[in-house]
Colleague: 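First the structure, which I've put down as structure tokens, then a few questions once you've had a look.
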Amino acid sequence: MAHGHKKDDEEKVIFVGDSRVRKGAGFITPPDYTAYPGKSEAFIPNFLLKEWMVGVVVLVGILVLTISEPAPLGYPANPSASVIPMPDWYFLFLYQYLKYPYASGDYVLLGVLGVSGVAFGALLLAPFLDTGKERRFYKRPIASSLMILSVISVFYLTNVAWTHYEHELEASGQKPEHIQREEEALERREQGLPPVSNAPGQQEEVAIVEQDDPAMETYKKAGCIGCHAADMKGATGPSLRGIGDKHSQEEILTIIKEGYNAMQPQYNNAIAQGVTDEEITHLTEWLAKQKAEQ
């Protein structure tokens, strides 16, 4: 209220305003937007709560996978090994895409900058080109069609890349490292042996059993050191230390005569080096004794 005095016997009343606010009854429930699907909803707590719940589920899933399937360590790097290079699975579609003629060779600039630039530019301009208020995907045919086409393309290129990789492995006689690790782990489990870790400081070096045995000279004479090294730790081929834990004498003899995975038969080469059948038999007996625990 404001009071002004013009005269002693006259009073004028001027109404200024009312700033009172009605007392609330607690938390104000946001309006319900379920009657308007695809339009809008309250950000707090409706939308934010759903996003948090999805994030928690994803986080728990990642933690479960991390605990149940620890990241495996591969074999020690071998720069002289013959391998078929392959990227991680989430890059397979790009790997396959770069194999096509219009994305490599004389057109590598188009493949690397042109096509990817168009895709990136389309994503960048999408919010400015698609200004419709509709959020339901079946009401946005152009954006939905492009999204579905992109997903189908990624799946197709990934499948083609992996299929081609499997054919290359089959043609070259190679076996992927993770398959070798699984087979070796299965063999050790069947034999009641503990699993082997390639982590630094966790793998004990296996000693050569009966290093003074004449079979050691046969091993060198037959040319085995070319792939498995003089100390039997492996060069282009795997280590033969502890080979007796994986294969019996008969299996080792079969490997020498028929080969194993990418290894070619070595029997004729050994005979050509002047090694006799008796020496080869004794060599397999000696190799079968190469075990981690003696």
Side-chain angles (χ1 to χ4, degrees), residues 68-84 169 172-271 273-294:
S68 61
E69 296 290 339
L73 292 176
Y75 295 126
N78 183 5
S80 59
S82 177
V83 297
I84 300 175
L169 289 175
S172 62
Q174 297 185 34
K175 185 175 293 186
E177 183 180 314
H178 68 280
I179 299 296
Q180 296 182 30
R181 290 202 306 268
E182 290 176 0
E183 293 179 350
E184 292 177 2
L186 180 61
E187 291 177 1
R188 295 185 67 85
R189 189 181 303 115
E190 292 175 349
Q191 296 171 4
L193 299 174
V196 177
S197 173
N198 289 324
Q202 297 184 11
Q203 187 175 19
E204 297 180 359
E205 183 175 330
V206 180
I208 299 177
V209 178
E210 299 180 8
Q211 189 168 359
D212 297 332
D213 192 286
M216 188 65 175
E217 293 300 322
T218 304
Y219 169 81
K220 298 177 181 179
K221 182 179 178 181
C224 302
I225 60 176
C227 295
H228 304 287
D231 57 4
M232 299 177 63
K233 291 185 178 180
T236 58
S239 171
L240 294 182
R241 296 195 180 193
I243 188 66
D245 291 326
K246 304 175 184 178
H247 301 288
S248 64
Q249 177 194 353
E250 293 76 14
E251 291 173 339
I252 295 174
L253 183 59
T254 301
I255 292 173
I256 293 176
K257 291 184 176 182
E258 300 179 4
Y260 183 74
N261 291 339
M263 172 185 168
Q264 299 298 321
Q266 300 298 318
Y267 178 79
N268 293 334
N269 294 339
I271 295 297
Q273 296 295 329
V275 180
T276 64
D277 286 333
E278 291 77 11
E279 290 175 325
I280 292 178
T281 301
H282 182 61
L283 175 62
T284 58
E285 294 175 354
W286 178 70
L287 288 174
K289 297 178 181 178
Q290 304 302 318
K291 297 183 178 181
E293 298 180 0
Q294 290 292 327

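Values in this document were obtained by computation on a predicted structure and should not be read as measured data.
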Colleague: If you measure from CD1 on I252 to CD1 on I280, what distance do you get to the nearest 0.5 Å?
Modeller: 13.0 Å
Colleague: Under a 4.5 Å cut-off applied to non-hydrogen side-chain atoms, are D277 and I271 in contact?
Modeller: yes
Colleague: Find the distance between CE (M232) and CD1 (I225) and round it off to the nearest 0.5 Å.
Modeller: 12.0 Å
Colleague: Going by salt bridge (charged side-chain N to carboxylate O under 4.0 Å, His left out), name the residues that satisfy it together with E251, two or more places apart in sequence or in a different chain.
Modeller: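 Per chain and number, E251 pairs via salt bridge (charged side-chain N to carboxylate O under 4.0 Å, His left out) with no residue.
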Colleague: Among residues at least two apart in sequence or on other chains, which ones pass ring pair (Phe, Tyr, Trp, His ring centres under 6.0 Å) with H247?
Modeller: Y260
Colleague: Do T281 and E285 make a side-chain contact, defined as non-hydrogen atoms from C-beta onward lying under 4.5 Å apart?
Modeller: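 Yes; the side chains approach each other to less than 4.5 Å.
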Colleague: Going from CG on L240 to CG on D231, what distance comes out if it is rounded to the nearest 0.5 angstrom?
Modeller: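 Between atom CG of L240 and atom CG of D231 there are 10.0 Å.
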Colleague: Could you grab the distance from atom NZ of K289 to atom CD1 of I243, nearest 0.5 Å is fine?
Modeller: 16.0 Å
Colleague: With side chains defined as the heavy atoms from C-beta onward, is the minimum distance between T218 and W286 less than 4.5 Å?
Modeller: no
Colleague: Answer yes or no: is there a donor N or O on one side and an acceptor on the other, between the side chain of K246 and the main chain of E187, under 3.5 Å?
Modeller: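 Here the side-chain-to-backbone pair does not exist.
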Colleague: Test side chain to side chain contact (heavy atoms under 4.5 Å, CB included) on E278 and H282 and set out the steps.
Modeller: CA-CA 6 Å; E278 291 77 11; H282 182 61; over 6 Å; no
Colleague: Taking P238's backbone N and O only, do any of them form a donor-acceptor pair with H228's side chain (distance below 3.5 Å, no angle check)?
Modeller: yes
Colleague: If we only count heavy atoms from C-beta on, is the I255 to Q266 side-chain gap below 4.5 Å?
Modeller: no
